[in-house]
Amino acid sequence: MEGVQNLPPHLQGEFMKSLEQMQMKDSLTMYNTLVERCFGTCVSSFRSKSLDKYETTCVENCAERYIKMTQRVGLRFAEHQAMQQKRAADAAAGK
Amino acid sequence: MNFFGEKEQKPAGPDPLFAATTEMEMYTHLFNKMASTCFQKCASRKHKENDLALGEMSCTDRCVAKYLEAQEKVGVVLQKANEAQMAQQKSLMDMQNAMGG
């Protein structure tokens with residue numbers, strides 16, 4: 001994350017604001033994507049206007065599982081980034 | 001690390017705020033696509049439980065590792081193609097200059 005780490009201090013406030021806006025947009029996009037995905041997996045018949053018990057459980061479980069998976073992916077991703085930064089730091093120090 | 005997975009040189013031109021914001025966007029996209037892909041490949045079956053099974057969790061860990069490795073390899077290929085294209089453009093320009101006199 002060199003671009004982010006090398007950002008001069010006087011620009012950091014503005015960067016944080018952009019970051020916040022990005023995160024807000026991202027949350028809403030994620031919400032819609034998740035709905036589309038879970039609907040696609042769980043709902044396939046249109047005999048009635050409301051979700052039956054099976055579909056409701058499926059959709060709710062789908063959303064929870066997605067969130068749990070996202071958390072796990074985030075954890076592994078952060079580990080990977082940390083390892084890479086360590087390798088880069090070691091390589092730089094080794095010079 | 002730039003997005004091709006290689007050591008980045010100090011950027012001379014681009015506005016640092018734009019670079020940082022773009023980098024953050026890139027990482028956000030990467031994360032979203034990775035989470036989405038791994039969910040599809042590892043946990044997108046019957047949602048009978050609201051918890052991830054042990055197998056699904058291992059699958060997720062491996063999926064993340066492979067995805068990031070694939071990203072690096074694709075980055076290397078793109079970098080080489082980029083360099084080849086720039087070399088080609090340069091030789092074309094040199095040729096034109098030589099002919100133009």
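In what follows, every chain begins at residue 1, and chains take the letters A, B, ... in the order their sequences are listed. Keep in mind it's a predicted model, so treat the numbers as computed, not measured.
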Is the backbone N or O of A:K17 less than 3.5 Å from a side-chain atom of A:E20, with the two atoms forming a donor-acceptor pair by type?
-> no
Under 4.5 Å between side-chain heavy atoms, hopping through other hydrophobics if needed: is there a path connecting A:Y54 to A:F39?
-> no
Toward chain B, the part of A:L19 with a non-hydrogen atom under 4.5 Å = side chain
Option that, when pairs with chain B are counted at under 4.5 Å, heavy atom only, ranks first among A:M69, A:Q23, A:M22 | A:M69
Please flag which part of A:S18 lies under 4.5 Å from any non-hydrogen atom of chain B: side chain, backbone, both or neither.
-> side chain
Go through the steps for A:R37 and B:S36 under the test side chain to side chain donor-acceptor pair (under 3.5 Å), then give the verdict.
-> CA-CA 9 Å; A:R37 178 187 292 285; B:S36 180; 2.4 Å; yes
Contacting region of B:K46 [heavy-atom separation from chain A under 4.5 Å] = both
Sort A:L11 into side chain, backbone, both or neither according to what part of it lies under 4.5 angstrom from a heavy atom of chain B.
-> both
Chain B contacts, top residue of A:E79, A:K68, A:E60, A:R65 (heavy-atom pairs, under 4.5 Å) = A:R65
If two hydrophobic side chains count as joined below 4.5 Å and joins carry through other members, does B:L54 share a cluster with B:F39?
-> yes
For the side chain of A:N61 and the backbone of B:K48, is there at least one donor-acceptor N/O pair under 3.5 Å apart?
-> yes
ILVMFWY network linking A:L34 to A:V43, side-chain heavy atoms under 4.5 angstrom | no
Check each atom of A:C42 against the heavy atoms of chain B and say whether the ones under 4.5 Å are side chain, backbone, both or neither.
-> side chain
Highest number of heavy-atom pairs under 4.5 Å with chain A among B:T21, B:T28, B:L30, B:D51 belongs to B:D51
Counting distance only, does the side-chain N/O of B:E23 pair as donor-acceptor with the main-chain N or O of A:G3 below 3.5 Å?
-> yes
With chain A, the option among B:D61, B:L68, B:L52 that has the most non-hydrogen atom pairs under 4.5 Å is B:D61
